[in-house]
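Since the structure comes first, as structure tokens, the remarks are kept for the end.
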Amino acid sequence: MPELPEVETISRGLQHGGNGICPIVGKEIEDVRVLWERTLSNGTERSLRKEIIGQVIRSVSRRGKFVVVTLESDTLLSHLRMSGDLRVELSHDSLGKSIPVQKHASLMIFFTDDYRLAFNDPRKFGRAWFTHDSQDILGKLGPEPLDLSLTAARLHQMLIRRKRQLKPLLMDQAFLAGLGNIYSDEALHLAHLHPLQPSDRVTEEQTIQLLKAIRDVLKEGIKRNGASIDWVYRGGEFQNHFRVYQRDGQPCAICGTHIQRIMVGQRSTHFCPYCQRIN
DNA sequence: CCTGAAACCTGTCTGC
DNA sequence: TGCAGACAGGTTTCAG
């Protein structure tokens, strides 16, 4: 899925506009359709319609990889998983003819001003929840990596009280919210840490470097509007600045050693065997 | 507690 | 050209 920077880009677009997205704040919900039933994790299309039709969008934000849409008395959460996307589009063309939804649309929210929010998702892994208390779901997440209340000292404590392979631990959303396969590989390379390094043997000094690396790659990703890879293009261009991700066989920019690709926790993992070594 | 495998899905690309 | 297999930005669940 989109990881933190991609979700941040989408949520900023829905909140303020930009990156080709029309903001939805202030729009009133006129109707809702669920086109792929499993997309709605709780409730049914019927209960969803009964609850949210008539409500106005108050704000859009992000927590971890969740897009948080705050309504007047409910919250709509969406998780794009591997291939989900959110688009704002018109329901009718200039001649008043209705515009068909995309082939892989799984959830549609129609507004009173003829715009609609489309949740498109070819692989159908994406999910949406609608709830009175978003903490039911968001409360299970670990800290936000860009939140300055997360200090290196705290992260170090979190790391050493576990004994896990570093990369899968960083991707564990209950441990830290927002990192996925791309940004964890990139951050570990920047921090000169091996993806299989046992977490309880990461030193304080290495943790300082790791936290800085995580923040640097996330901020760079956000600055470039995220990454657009495969056939899911969202307008980002961070894919042109990967240091290790999908660069196996190519030279490391720091030392020239060939980038290696291994499987870790069923995910392909890219690293420099010279720069990134286990303690 | 930790690790790995399978499941949920469709689309794209590679190699025979 | 066709077809099998691998692989893809994620998460959950289960077995060992």
Side-chain angles (χ1 to χ4, degrees), chain A residues 1-11 35-42 62-67 77-86 102-107 119-129 136-138 140-142 145 158-188 195-202 214 217-218 220-222 224-249 261-270:
Chain A
M1 128 171 173
E3 305 178 35
L4 189 154
E6 289 75 33
V7 179
E8 178 70 21
T9 301
I10 289 171
S11 104
L35 290 88
W36 179 258
E37 286 199 19
R38 301 186 64 164
T39 299
L40 196 57
S41 281
N42 60 342
R62 176 195 62 74
R63 172 76 171 98
K65 300 177 191 172
F66 288 83
V67 175
L77 298 173
S78 69
H79 195 303
L80 307 174
R81 294 279 176 97
M82 291 289 261
S83 60
D85 197 10
L86 289 170
Q102 274 197 226
K103 185 181 176 190
H104 297 292
S106 49
L107 178 68
F119 191 143
N120 299 319
D121 188 9
R123 290 182 70 180
K124 301 184 168 76
F125 290 161
R127 295 289 179 266
W129 297 256
D136 292 347
I137 293 152
L138 303 181
K140 295 169 186 156
L141 294 173
M158 288 163 58
L159 288 168
I160 63 176
R161 59 187 282 187
R162 310 282 227 113
K163 196 188 182 74
R164 285 185 60 184
Q165 299 169 337
L166 194 46
K167 174 175 169 177
L169 182 58
L170 293 179
M171 289 177 58
D172 182 341
Q173 302 300 297
F175 180 81
L176 189 66
L179 287 190
N181 209 32
I182 295 177
Y183 294 90
S184 55
D185 275 6
E186 295 294 324
L188 287 171
L196 292 174
Q197 161 82 43
S199 62
D200 63 332
R201 294 190 35 233
V202 176
I214 289 170
V217 295
L218 290 176
E220 189 184 357
I222 292 170
R224 302 189 188 284
N225 293 321
S228 303
I229 61 173
D230 294 336
W231 73 97
V232 189
Y233 182 73
R234 298 191 178 85
E237 54 114 7
F238 185 57
Q239 68 277 11
N240 301 318
H241 303 270
F242 292 158
R243 295 169 178 86
V244 285
Y245 186 75
Q246 285 183 344
R247 294 195 69 244
D248 38 308
R261 173 176 175 271
I262 58 173
M263 292 305 275
V264 176
Q266 292 182 302
R267 309 304 300 276
S268 72
T269 297
H270 315 76

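Proteins come first, then strands; the chains are lettered A, B, ... in the order of their sequence lines, and each starts at number 1.
- For the pair A:Asn181 and A:Ser268, the minimum side-chain heavy-atom distance is below 4.5 Å.
- Listed pair A:Gln246 / C:dA8 fails the phosphate criterion, with no side-chain N or O lying under 4.0 Å from OP1 or OP2.
- A:Thr39 has its side chain out of reach of A:Asp121: every pair of non-hydrogen atoms, C-beta onward, lies at least 4.5 Å apart.
- When distances are taken from the side chain of A:Ser268 to each of B:dG11, C:dA8, B:dC2, the shortest belongs to C:dA8.
- Of the candidate nucleotides B:dT3, B:dC9, C:dT11, B:dC9 has the atom lying nearest to any side-chain atom of A:Trp36.
- In the set C:dA8, B:dC8, C:dT11, C:dT11 carries the atom at the smallest distance from any side-chain atom of A:His79.
- Applying the 5.5 angstrom centroid cut-off and the 30 degree plane-angle cut-off, the aromatic ring of A:Phe125 is stacked upon the base of B:dC8.
- Residue A:His104 has its side chain nearest to B:dT10 when only B:dC2, B:dT10, C:dA8 are considered.
- Looking at the side chain of A:Lys65, the nearest of the listed nucleotides C:dA8, B:dC9, C:dG10 is C:dG10.
- In the set C:dA8, C:dG10, B:dC2, C:dG10 carries the atom at the smallest distance from any side-chain atom of A:Arg267.
- Ring planes of A:His241 and A:Phe238: parallel class, angle under 30° (limits at 30 and 60°).
- Comparing A:Arg127 and A:Arg161, the nucleotide of DNA chain B nearest to each residue sits closer to the 5' end for A:Arg161.
- Here B:dA5 is the nucleotide among C:dG10, B:dA5, B:dT3 with the atom lying nearest to any side-chain atom of A:Gln266.
- Comparing the P positions of B:dA5 and C:dA6 gives an interatomic distance of 14 Å, to the nearest angstrom.
- In DNA chain C, stems built from 3 or more consecutive Watson-Crick or G-U wobble pairs, each with both distances under 3.5 Å, span B:2-8 with C:10-16, B:10-16 with C:2-8.
- Between A:Phe66 and the choices A:Val7, A:Ile137, A:Leu80, the side-chain contact (heavy atoms from CB on, under 4.5 Å) rule is met once, by A:Ile137.
- Using a 4.0 Å heavy-atom distance criterion, A:Lys103 is classed as a sugar-phosphate-only contact.
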